[in-house]
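Each chain gets a letter, A, B and so on, in the order its sequence line appears, and its residues count up from 1.
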Amino acid sequence: MFLHLLIYRFRDLVRTKYVIGWTLLFPLLLATAFYAGFGDLIRTENGSFDPIPVALVSENGEEGIFSQVVESLAEEDSSTGSDTDLGADSGTDAAAGNEAVRPASGPALRVTKATQEEAEALLKAGKVNGIYTDRGLFQEPSLTVSGSGMDQTVLSEVLRVYLNDYTVSADLIKGALTGSSGASSDASADEAETSPSKGSETVGRASKEQAISSLPGLLSRIRKALSALDELKSRDESLSRVSFREDPVSSGMQYFFSLLAMASLFSSWSATSFMKSLLADQSAAGLRFECSPAPRLTAAAASALAGILLQALSGFLVVLYIEYVLGLSFHIPLGYILLVTTLGGAVGVSFGMAISTLTHGNEALNAAIPLTVTMTCSFLSGLMVGSMKQIIENAAPILNRLNPAAVLTDALYCAGTYGVGRQYWSDAASLAVMAALLLLFAGIRMRRQNYDHL
Amino acid sequence: MSKAVVQIDDLVKRYKEKTAVDHFSLTIREGEILGLLGPNGSGKTTTINCLLSILRYDEGQVRIFGRKMGPGENDIKRDIGVVMQNVAVIDGLTVQENIDFFCGLYVRDRARRKELVRQAIEMTQLQDYTRYLPRKLSGGLLRRLNIACGIAHRPKLIIFDEPTVAVDPQSRNAILDGIRRLNEGGATIIYTSHYMEEVEELCSRIVIMDRGKAVAEGTADQLKGMLKNQETVTIEVRDISVEILDGIRRLDHVSEVKKSGEKIVVRCDGGSGNLVRIVGFLMEHHVSFGRVNSELPTLNDVFLQITGKELRD
């Protein structure tokens with residue numbers, strides 16, 4: 001019975017024009033439109049990235065960790081390598097942080113060391129887009145920009161990410177200085193350890209020569225410290241991310257992630273379509289079905305599986321189209337993309353089923369609700385405005401946890417940016433739970449369904 | 001007497017203030033073709049839906065094959081076939097797939113199902129259309145597909161709810177022939193319609209419904225026998241005197257004579273040879289006349305007399 005229902009339901013869905021239109025053709029068209037709009041941007045970001053010109057002012061001639069970080073961002077294969085992780089804690093923040101830093105194989109920044117006056121002149125002349133001021137090892141650095149734009153946002157994000165880790169970094173560096181520095185810095189390090197408030201003064205008192213001679217060791221220790229920090233983070237249960245990948249996903253791919261989310265949720269159309277022939281209040285075919293001895297829940301399960309399989313197939317074709325026809329890489333193994341899009345499809349199908357148990361065959365509602373909900377969820381996940389998810393994350397983060405499109409795009413973004421890790425599996429589990437709850441609701445409604453009127 | 005296949009006792013179904021089925025009782029015996037006749041809104045379809053336990057009802061009891069019917073009575077459902085008023089097929093499946101799909105809800109054995117589907121296709125004469133999707137079929141062919149989907153599993157009780165609505169005469173005849181053959185094959189049939197000719201032609205017993213109640217029950221002849229007027233003779237005449245009209249009134253079995261323009265309408269309350277007697281009287285009195293017509297009563301006349309309105313109102 002189950003197989004009989006599954007086979008015929010799948011055939012029916014495949015031949016239902018509007019279902020195929022919404023779950024396959026519309027996403028393909030939209031992908032093509034996005035490609036026309038963002039294709040160049042994505043290819044540019046994946047290939048060469050123009051470093052952002054920035055001035056670095058070392059106040060009082062002191063070079064703190066921040067200067068090292070900024071300079072490392074100006075080097076080939078530096079901060080983007082696997083030994084540095086500048087992100088924040090949550091997956092979404094991490095995604096935002098990564099988007100801003102835009103790690104690539106080339107340098108992210110073009111640094112000009114200058115005095116405060118020179119830097120201000122460069123900024124005024126438009127030769128740099130910002131001024132980083134490093135106030136020494138244990139003082140917070142600052143950023144001055146003359147306008148707003150993507151480059152300024154990137155510079156600001158670098159600083160934000162740095163400051164986020166500032167306290168931990170400082171402690172670790174102090175530890176590193178204490179443990180392995182040469183004789184010339186032992187006293188200073190000891191003093192810093194026993195009296196942290198005096199640490200800055202101690203380093204500040206060191207002579208210029210001493211500072212220069214100790215720089216290679218300091219850099220090494222900073223790298224070790226940052227490496228240790230990265231290791232600590234990767235061990236921390238609360239942190240889900242792993243290091244940046246060598247070939248990270250472009251920020252423009254966000255639109256394609258949202259597109260896949262939208263295509264997945266459009267499977268609610270499949271559900272409202274097959275539910276029409278399962279419930280007596282939806283259509284004559286539904287009435288005929290309810291007159292038969294076929295168990296409702298078995299039929300519902302077989303139909304849901306057919307809808308999910310169709311969605312998996314549609315998702316597969318859309319991903320292949322984007323990857324191999326449009327030539328835009330998701331940087332995620334195909335199986336992992338399919339897993340989350342299929343789970344998204346399961347959410348869509350179960351949502352459509354739940355709706356159908358409430359609409360009593362109202363065709364207008366059966367059409368309008370899946371369309372409205374899918375488009376709203378997709379919009380909030382960044383389908384039309386790339387920063388929308390971040391805006392929501394700042395204003396009402398719970399919405400991003402409840403919006404299946406946002407969860408799905410988060411899973412894909414994290415997998416594409418950091419590899420398949422804890423955040424990906426957490427998002428996949430969220431989608432599975434959403435689908436299960438909606439299916440449970442639809443199942444209970446169907447089981448109890450009795451009609452007062454038809 | 002054959003056993004009761006359907007037993008409906010005192011069924012009441014209310015939609016808020018309106019009573020759609022009002023203390024309706026009915027027994028249908030094995031092998032019968034029962035016609036449920038009534039105008040739109042008389043409660044036929046609601047009664048059928050209550051009978052099938054699709055609709056909740058307020059009072060009464062329904063027994064099918066001697067057992068109480070309920071939504072979960074799958075063993076009872078297995079022997080019931082339903083042909084809906086609206087075409088109830090899956091748009092994305094071909095003719096053959098549709099029949100196989102619905103048959104498969106009742107019959108699990110694939111080989112047996114294949115044979116049953118073949119027979120259903122043959123019976124509804126859809127052999128040339130098995131690979132067609134429903135949207136490619138004409139209205140008549142769709143109705144035949146609708147029937148095939150309802151009867152393929154060879155049910156013992158088949159409910160036809162207005163199966164010939166909007167069907168061309170050729171398809172209508174094919175449908176009625178098919179129903180007769182199903183009945184000859186042993187199926188008990190409930191046939192609802194507001195087409196009295198079909199019901200009269202097909203059904204062994206007729207129940208007339210109005211406002212949720214059974215207002216008359218019997219064979220077509222029994223129902224027509226309830227009428228006072230058994231024959232209406234209409235004759236075209238130009239000039240006819242009052243004396244001649246009085247003379248017609250005095251003829252045997254004539255109950256009423258009316259002059260209406262250039263026609264006279266004579267109603268008779270039974271007997272035989274009324275037409276010959278009236279025409280003979282006119283010739284005898286040298287009254288020239290044109291066209292002559294004699295009408296026997298119909299179920300509509302029965303309905304009109306009982307309820308005061310037409311069946312198709």
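At a 4.5 Å heavy-atom cutoff, the contact between B:N86 and chain A is made by backbone and side-chain atoms alike. Of the atoms belonging to B:T46, not a single heavy atom falls under 4.5 Å from chain A. With a 4.5 angstrom heavy-atom cutoff, B:N98 does not touch chain A via any of its atoms.
Across all non-hydrogen atoms, the minimal contact from B:L105 to A:H4 is N-NE2, 4.3 Å.
Ring-plane geometry between B:F101 and A:Y8 is classed as perpendicular, the angle between the planes exceeding 60 degrees on a 0 to 90 degree scale with a lower cut at 30.
Atom CG in B:D100 sits 10.0 Å away from atom CD1 in A:I7 (nearest 0.5 Å).
The pair A:R15-B:E97 counts as a salt bridge, with a side-chain nitrogen and a carboxylate oxygen less than 4.0 angstrom apart.
Under the 3.5 Å distance criterion, the side-chain polar atoms of A:R11 are left unmatched by any main-chain donor or acceptor of B:L93.
Looking at B:L52 and A:L287, their side chains never come closer than 4.5 Å, going by heavy atoms from C-beta outward.
The side chain to side chain contact (heavy atoms under 4.5 Å, CB included) test applied to A:L24 returns A:I20, A:L28, A:S314, A:L317, A:V318, not counting sequence neighbours.
Of all residues spanning residues 269-286 of chain A, those with a heavy atom less than 4.5 Å away from chain B's heavy atoms are A:S277, A:A280, A:A284, A:A285, arranged by number.
The greatest number of non-hydrogen atom pairs below 4.5 Å with chain A, out of B:P71, B:G81, B:A20, B:G150, is found for B:G150. Counting heavy-atom pairs under 4.5 Å between each of B:Y15, B:Y57, B:Y106 and chain A puts B:Y106 at the top. Taking chain B as the reference chain and counting heavy-atom pairs below 4.5 Å, the highest number among A:C291, A:A299, A:P295, A:A294 is found for A:C291. Of all the listed residues (B:K77, B:R14, B:R108), the one sharing the greatest number of non-hydrogen pairs under 4.5 Å with chain A is B:K77.
Cation-pi geometry between A:R288 and B:F102 is satisfied (NZ or CZ under 6.0 Å from the ring centre, within 45° of the ring normal).
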